[in-house]
Number of protein chains: 2
Amino acid sequence: MRGHQVTIKDIAKILHISPSTVSRALKDHPDINPQTKKNVQDLAKKLNYKPNQIALNLLQQESKLIGVIIPEIIHYFFSTVISGIEKIANESGYHIIITQSNESYHKEVENIQALLSSNIDGFIITMAKTTLNFDHFKNVEEIGVPMVFVDRSCDAVTADKVLVDDFDGAYKATKHLIENGCKNIIHLAGPQNLDIGIQRKEGFLSALNNSNIPINSYSVQICDTHDHALKLIPELLSRHNNIDGIFAVNDLTAIGAMKAVKSMNKKVPDDIAISGFTNSHISYIADPELTTVDQKGFEMGQHAARMILKRIHSDENYGPVTTILNTDLIIRKSSLKRKLN
Amino acid sequence: MRGHQVTIKDIAKILHISPSTVSRALKDHPDINPQTKKNVQDLAKKLNYKPNQIALNLLQQESKLIGVIIPEIIHYFFSTVISGIEKIANESGYHIIITQSNESYHKEVENIQALLSSNIDGFIITMAKTTLNFDHFKNVEEIGVPMVFVDRSCDAVTADKVLVDDFDGAYKATKHLIENGCKNIIHLAGPQNLDIGIQRKEGFLSALNNSNIPINSYSVQICDTHDHALKLIPELLSRHNNIDGIFAVNDLTAIGAMKAVKSMNKKVPDDIAISGFTNSHISYIADPELTTVDQKGFEMGQHAARMILKRIHSDENYGPVTTILNTDLIIRKSSLKRKLN
DNA sequence: GGAACTATTTCAAACGTTTGCGAAAGGAGT
DNA sequence: ACTCCTTTCGCAAACGTTTGAAATAGTTCC
């Protein structure tokens with residue numbers, strides 16, 4: 001049913017000239033007779049000729065395609081990363097193929113294989129949480145297809161990375177809570193096998209230390225989902241009545257905590273101030289609006305795209321580059337206690 | 001820097017046989033000597049041979065690529081649609097190229113052109129809100145590349161569609177509010193140049209009529225963003241004190257309305273019950289949790305992918321197919337008034 | 001009138017793969 | 001010794017495009 005796209009050969013046949021002449025005429029090659037040029041260009045426009053990208057790809061040994069592997073597209077952060085990648089890629093005539101790992105190691109391996117056989121020119125990857133074996137990345141490295149890791153770094157392989165300064169972000173958020181009068185802050189932390197989980201925790205602890213605030217046995221809780229926070233916080237508050245601040249590893253968890261706090265008839269922020277991390281849409285939607293750390297997803301995506309394009313177009317094999325972006329603290333109502341002093 | 005991928009020709013050269021023999025050996029063609037076959041297959045495995053997808057695409061005049069054009073990936077609904085598409089496409093060896101129009105007509109046209117020259121095998125499209133001219137779609141139709149429209153239908157062009165029963169969803173949500181004791185419900189409606197805006201409004205009005213509830217001059221307000229609702233609702237409530245229910249065209253608007261209601265010291269749901277539409281993540285996050293209509297994004301994506309694959313693989317030119325999915329009413333706390341009778 | 005040059009066009013190979021057809025070689029049957 | 005068949009393989013074309021090199025025709029110059 002496909003109506004045959006018009007090709008250079010078609011134009012050549014109609015005009016009784018050779019395909020090479022048509023090709024050159026279309027690119028304004030000086031060797032071509034102006035009249036022939038005009039004939040060709042007019043006909044091409046009339047027939048709505050579009051060069052066949054696949055043929056060009058084959059000839060030039062490139063696909064102008066960047067493979068993107070992320071855990072889950074429905075997460076606000078990742079969708080902003082994708083938007084950033086898409087913007088820069090499109091500006092250079094590239095397109096992106098998106099695949100999701102759903103945080104599954106096996107799906108990630110599958111996706112790598114599938115994208116490789118699609119002859120993509122480069123990878124932009126955020127590893128799955130469950131990825132502990134890195135042979136599939138090493139394989140890519142051997143083949144020589146460039147990779148950029150985003151947000152979660154993989155040290156088993158030499159590749160470019162773009163990360164965010166999680167430590168500093170967490171530090172700033174915690175410091176802000178302290179400055180707003182919090183004296184007993186807990187941290188709802190992410191899994192400690194991931195760099196971001198560790199860094200955000202360390203930033204939190206460092207801020208406490210720096211302000212000479214004592215760290216309790218319950219100051220750090222592994223808890224990184226909305227529903228978990230909803231269950232955990234009431235328990236915690238009933239045991240430790242003097243908790244007056246919560247710094248959560250992500251916005252969703254922060255909002256779960258917020259709901260739990262409100263359900264116990266405590267006020268946010270006056271009784272308990274809260275900060276999240278990511279600056280996803282929901283932080284603005286929350287009631288009260290959630291203070292959070294902007295994770296710069298869009299910028300990360302843009303950087304990653306620029307890095308991969310540079311690799312693709314570079315002949316020399318320069319060493320791996322790591323870019324670390326600064327975070328911004330976004331201050332909203334959930335952390336602004338009435339000043340008591 | 002790219003380490004030349006190993007090709008059939010490489011294998012042929014090493015084994016001193018012709019490329020055609022290698023090709024056939026790799027596919028277990030009966031014409032090939034078992035020993036030759038084994039030699040080829042062993043070497044191919046050893047060298048990690050992967051067929052060049054681009055060459056195959058050129059030969060078979062297909063790219064195994066589906067072009068997806070959506071307004072904005074950061075919207076929960078669209079990201080679920082994408083997930084659905086990706087799942088089905090991958091199962092059939094297809095990949096998806098995603099582009100965003102950002103609700104801009106011009107970007108949409110650009111994306112169509114770019115994807116066409118990437119020789120994608122089919123389009124899955126959700127039109128931008130601002131698209132009023134359809135020549136770019138007609139162009140695609142002429143060329144003969146199949147299209148499926150998702151969520152927002154385009155009648156100017158003969159193509160498959162997968163829609164959701166917006167009318168019925170709105171009807172069910174409104175009916176539910178009525179059954180929970182609402183006597184004066186307003187509808188925050190979407191733009192009335194889009195089908196979904198019209199259908200949801202009509203469903204709302206029909207439910208009121210069916211329950212003999214009078215429709216006021218202010219019953220329908222064009223308002224489809226969080227921030228607009230935040231401004232509009234206080235005005236409305238101060239003028240019409242007896243409003244006791246709100247049905248919003250999407251979840252974000254519903255949550256804006258919810259915040260506004262709470263800010264006026266009215267209780268949700270007891271004073272004013274609220275329902276949204278979409279069932280996005282935020283509806284579960286809201287406080288109180290938001291009653292809403294599940295828009296079945298994932299299912300829509302799956303259907304769209306199946307429809308486009310069927311088109312791609314079909315030789316005959318069957319008439320356009322429209323699939324309309326049923327919605328589910330998701331009842332949560334925001335609509336459950338204490339029964340007064 | 002031949003060399004030298006210019007202007008314009010075509011040829012052919014290349015990218016990697018598939019596939020119809022033909023070729024070569026050997027064996028069996030008559 | 002001839003045909004016929006089988007087994008195994010290679011040739012060449014095809015997909016659409018680009019590009020160096022060669023070809024053709026026409027002009028200029030001495």
Side-chain angles (χ1 to χ4, degrees), chain A residues 2-41 43-44 47-65 93 116-121 143, chain B residues 2-41 43-44 47-65 93 116-121 143-145:
Chain A
R2 183 76 66 92
H4 165 74
Q5 283 262 48
V6 24
T7 74
I8 278 193
K9 290 186 182 179
D10 297 329
I11 297 180
K13 209 164 286 172
I14 296 174
L15 259 32
H16 298 106
I17 55 180
S18 77
S20 22
T21 304
V22 175
S23 172
R24 281 189 251 256
L26 288 172
K27 355 187 64 98
D28 238 354
H29 193 287
D31 274 5
I32 303 298
N33 184 313
Q35 184 56 51
T36 317
K37 240 181 233 181
K38 188 171 178 338
N39 291 344
V40 169
Q41 286 169 357
L43 185 60
L47 298 181
N48 194 23
Y49 165 78
K50 293 268 182 299
N52 182 320
Q53 201 54 49
I54 298 184
L56 288 175
N57 293 345
L58 181 59
L59 198 63
Q60 285 150 14
Q61 296 290 73
E62 58 177 18
S63 61
K64 296 273 185 187
L65 251 28
L116 272 182
S117 82
S118 282
N119 271 62
I120 51 137
D121 295 340
I143 295 176
Chain B
R2 184 76 67 89
H4 165 74
Q5 283 262 46
V6 24
T7 73
I8 277 193
K9 290 187 182 179
D10 296 330
I11 297 180
K13 210 163 286 172
I14 296 175
L15 260 31
H16 298 107
I17 54 180
S18 78
S20 23
T21 304
V22 175
S23 172
R24 282 188 253 253
L26 287 172
K27 351 188 65 99
D28 240 354
H29 193 286
D31 272 7
I32 305 297
N33 183 314
Q35 184 56 49
T36 317
K37 240 181 236 181
K38 189 171 177 339
N39 292 344
V40 169
Q41 288 169 356
L43 186 59
L47 298 181
N48 194 21
Y49 165 78
K50 293 266 185 300
N52 183 319
Q53 202 54 49
I54 299 184
L56 287 175
N57 293 345
L58 182 59
L59 196 63
Q60 286 150 13
Q61 298 290 76
E62 58 175 20
S63 61
K64 296 273 184 188
L65 250 29
L116 272 182
S117 83
S118 283
N119 271 64
I120 51 136
D121 295 341
I143 294 175
V145 178

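Numbered from 1 within each chain, the chains take letters A, B, ... in sequence-line order.
Axis angle, first five pairs versus last five pairs of the helix from dG1(C)-dC30(D) to dT30(C)-dA1(D): 80°, rounded to 10°.
Within the structure, salt bridge (Lys or Arg N to Asp or Glu O under 4.0 Å) pairs that include any residue of residues 18-38 of chain B comprise D28(B)-K37(B), K38(B)-D42(B) (at least two apart or interchain). Listed by first then second residue, pairs satisfying salt bridge (Lys or Arg N to Asp or Glu O under 4.0 Å) with a partner in residues 5-23 of chain A number zero, not counting sequence neighbours.
Heavy atoms of I17(B) sit under 4.0 angstrom from primed sugar atoms or phosphate atoms, though from no base atom.
Take L43(A) and apply the side chain to side chain contact (heavy atoms under 4.5 Å, CB included) test, not counting sequence neighbours, and it matches I11(A), I14(A), L15(A), L47(A). Among residues two or more places apart in sequence or in another chain, the side-chain hydrogen bond (donor to acceptor under 3.5 Å, both in side chains) test is passed with S20(A) by S18(A). With sequence neighbours left out, the side-chain hydrogen bond (donor to acceptor under 3.5 Å, both in side chains) criterion links N39(B) to Q35(B).
Considering all non-hydrogen atoms of both residues, L26(B) and A44(B) come closest at CD2-CB, 3.7 Å. Annotation for N57(A) and K64(A): closest pair OD1-CG, 4.4 Å, computed over non-hydrogen atoms.
In this structure the side chain of L116(B) reaches within 4.5 angstrom of the side chain of V145(B), judged on heavy atoms. With contacts defined as side-chain heavy-atom distances shorter than 4.5 Å, the pair L65(B)/N119(B) does not qualify.
Taking a heavy-atom distance under 4.0 Å as the criterion, the stretch of DNA chain D touched by chain B extends 5' to 3' from dT8(D) to dG16(D).
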Report, one pair per line, the protein and nucleotides 18-25 of chain C atoms (nitrogen or oxygen only) whose separation is under 3.5 Å.
residue : atom : partner : partner atom : Å
dT18(C) : OP1  : K27(B)  : NZ           : 2.8
dT18(C) : OP2  : S23(B)  : OG           : 2.7
dG20(C) : O6   : R24(B)  : NH2          : 2.6

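For T36(A) and dT8(C), the shortest distance from a side-chain N or O to OP1 or OP2 is not below 4.0 Å.
Rounding to the nearest 0.5 angstrom, the gap separating the CG atom in N52(B) from the CG atom in L58(B) is 10.0 Å.
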